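Here the structure is a predicted model, which means the values were calculated and not measured.
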Amino acid sequence: MKLTGHDLLAIGFPEGNALGLALTLIEEKYSTAPLVEKIQILKKIVANTEAFIDDETFGPVAVALQKPAIDVKELHASAMPYQIYGAEAIEQGALDQMETAMRLPVTVAGALMPDAHQGYGLPIGGVLATRNAVIPYGVGVDIGCRMCMTIYDIPPSQLETRVDEFKKILLNNTQFGVATFKRPKDHAIFERKEFSELEIVRSLKDRAWQQIGSSGGGNHFVEFGVVEITNAINEFNLSPGIYLALLSHSGSRGLGANIARHYTQIAMNTCKLPQVAKHLAWLDLDSEAGQEYWLAMNLAGDYASACHHQIHERIAIGLRTTPLAMIENHHNFAWKEKDAQGDELIVHRKGATPAGKGVLGIIPGSMATPGFIVRGKGLAASINSASHGAGRTMSRTKAKQTILQGTVNKFLKAAGVELIGAGLDEAPMAYKDIHQVMDHQKDLVEVLGSFMPKIVRMCGDKRFQEVD
DNA sequence: ATGTCC
């Protein structure tokens, strides 16, 4: 009979690394021993941890047991006030999560964007400013998930006249789901010292190399479309007009996912919070783990950017041209920013677009509704942020159960969109009305132009879509 | 989001 994690919790093992380690070792060394004997041994380690520090078998368990001086935190009795944009279209679960986040002792300010919906810990569309603390689940699992748009001096009418050619360019130069490039392109990011100096990051380097330039699954996409610039974008000398553009949405693939998983576990093991807030566990920025996370998060952000740049580079080569402009922004990340007094804040944007004064950003709609090129207005109440899209109005499960393929096909046809891949969970009707969402954030961003998708590639891998 | 469970 094998011991379970539950048995170990019952005899006083704290949640964390020691538990897993003890399970592994006891089953390795005492696999044939009766259950009571295994329990007796482990009880002794809990009761007299120090005596086992040098134990040949259980030394590592004792070390892990001694390690974290677990810090039990309390929430403030009431939540700090925070601004909500488009509250009437935001689900209760997201509001509850934000309310909890506003009770953390490290929280300084918060805001909820109009595309908000429930997530793990901080809601998607949540912005949270803290003092000297970073919350891995306040950044999200896909660290550095971002948008990137390149705009070309090509008449967008060619999306109709050369549709098969453009589809082929997308198919040949993007990879979705588990697929990666046979010959990944090298990138300067692989010379970064974080890949050798941080153990967890080192263990992820080979896969990061395999996956660079790939897009993954879920709501990620690469699409050609028509940009209509209404307000000149002086950074690029881009005049009002209609252009062909490429828009991509993806993140840091396995690299960021595993960095997030690793440091979330450390945070949850060392920063114990009441059940309702447990996913908001933070790392102090001056702790070793906090500093490591900060470096690893920034690396994952730069890696996500590198992936987009390779996508756009490959496609620009396919188009035999160079872009007139490139606009990009993270929307799952934490930044060091200053408050009104000039003191440093850690601003978490989990599915929120940076919208500081003058800052360019991209807010996508869905596969068959427009997205927008925006310039931030720097509104303090929004913590210099805006939405990162339309936001889901339906869970993936519900979308797959209730939306019919025929309905989506008609919608795509009416919108003049060619779709490669994607499941019903990404259907336009699973998302809020982007126009309403934009209306709710008029004070946060100025719209400079729109982007209408025309040839869209998303993940067509059934392994990711779980069509039940 | 993620070779979708250490």
Side-chain angles (χ1 to χ4, degrees), chain A residues 2-6 8-9 13-28 60-61 64 117-126 136-147 175-181 184 199-201 203-212 214-222 248-266 268-269 279 296-297 300-301 303-304 307-308 330-333 348-352 364 388-389 391-392 395-397 400 422-423 425-426 458-459 461-468:
Chain A
K2 275 192 177 182
L3 280 174
T4 66
H6 213 80
L8 270 63
L9 288 170
F13 264 83
E15 286 194 47
N17 296 338
L19 190 150
L21 215 48
L23 270 181
T24 311
L25 292 173
I26 197 90
E27 295 303 341
E28 249 174 44
V61 177
H117 52 98
Q118 199 172 336
Y120 266 103
L122 197 65
I124 319 301
Y137 264 137
V139 168
V141 177
D142 191 3
I143 298 171
C145 186
R146 58 166 32 211
M147 304 304 304
Q175 296 287 2
F176 281 81
V178 292
T180 54
F181 287 99
E199 198 188 324
I200 174 73
V201 176
S203 74
L204 300 168
K205 187 176 182 179
D206 287 350
R207 208 198 316 168
W209 163 261
Q210 276 303 316
Q211 292 184 327
I212 193 161
S214 66
S215 296
N219 56 3
H220 291 173
F221 60 76
V222 181
S248 54
H249 175 212
S250 53
S252 50
R253 311 290 283 106
L255 176 66
N258 284 284
I259 289 169
R261 175 165 27 212
H262 180 79
Y263 288 100
T264 292
Q265 266 170 11
I266 293 177
M268 286 174 49
N269 286 337
H279 289 126
M297 177 195 75
Y303 175 82
C307 286
H308 282 267
H330 291 325
H331 51 220
N332 280 11
F333 211 63
H348 304 74
R349 294 189 181 87
K350 184 184 191 179
H388 82 313
R392 299 194 72 88
S395 71
R396 291 186 180 279
T397 316
K400 282 185 283 194
D425 48 343
E426 284 300 323
M458 298 189 81
C459 180
D461 192 327
K462 293 285 183 264
R463 275 174 287 188
F464 284 82
Q465 289 172 9
E466 295 167 45
V467 180
D468 42 330

| query | Taking atom C1' of B/dC6 as reference, at what distance in whole Å does atom CG of A/N258 sit? | reply | 11 Å
| message | For A/H388 and A/H249: C-alpha separation, side-chain torsions, deciding distance, then whether ring-ring contact (aromatic ring centres under 6.0 Å, His included) applies. | response | CA-CA 11 Å; A/H388 82 313; A/H249 175 212; 7.1 Å; no
| task | Walk me through it: do A/H308 and A/M147 pass the test side-chain contact (heavy atoms from CB on, under 4.5 Å)? | result | CA-CA 8 Å; A/H308 282 267; A/M147 304 304 304; 5.8 Å; no
| request: Count the heavy atoms of every other residue, nucleotide or ligand shown that sit under 6.0 Å from CZ of A/F181, and state whether that count exceeds 12. | output: yes
| query | Do any side-chain nitrogens or oxygens of A/R261 fall under 4.0 Å of OP1 or OP2 in B/dC6? | reply | yes
| Looking across every strand, which nucleic acid part, if any, lies under 4.0 Å from A/G251 by heavy atom: base, sugar-phosphate, or nothing? | nothing
| query | How close or far is atom P of B/dC6 from atom CG of A/L25, stated in whole angstroms? | reply | 18 Å
| task | Measure the distance from CG on A/D461 to P on B/dT2 and round it to the nearest whole Å. | result | 11 Å
| query | To the nearest Å, how far apart are A/H220 NE2 and B/dT4 C1'? | reply | 14 Å
| task | Starting from P on B/dC5, measure out to NE2 on A/H262 and report it in whole angstrom. | result | 19 Å
| said: If you apply the rule side-chain contact (heavy atoms from CB on, under 4.5 Å), what do you find for A/R392 with A/I124, and how did you get there? | reply: CA-CA 10 Å; A/R392 299 194 72 88; A/I124 319 301; over 6 Å; no
| Could you give the CD1-to-C1' distance, from A/I266 to B/dC6, as a whole number of Å? | 14 Å
| task | Please work out if A/Q211 contacts a base, only the sugar-phosphate, or nothing of the nucleic acid, heavy-atom cut-off 4.0 Å. | result | sugar-phosphate
| task | Give a yes/no answer on whether the side chain of A/R253 brings an N or O atom under 4.0 Å of OP1 or OP2 in B/dT2. | result | yes
| A/I200 CD1 to B/dT2 P, straight-line distance once rounded to whole Å | 17 Å
| request: For A/Q265 and B/dC5, give me the distance from atom CD to atom P, rounded to whole Å. | output: 13 Å
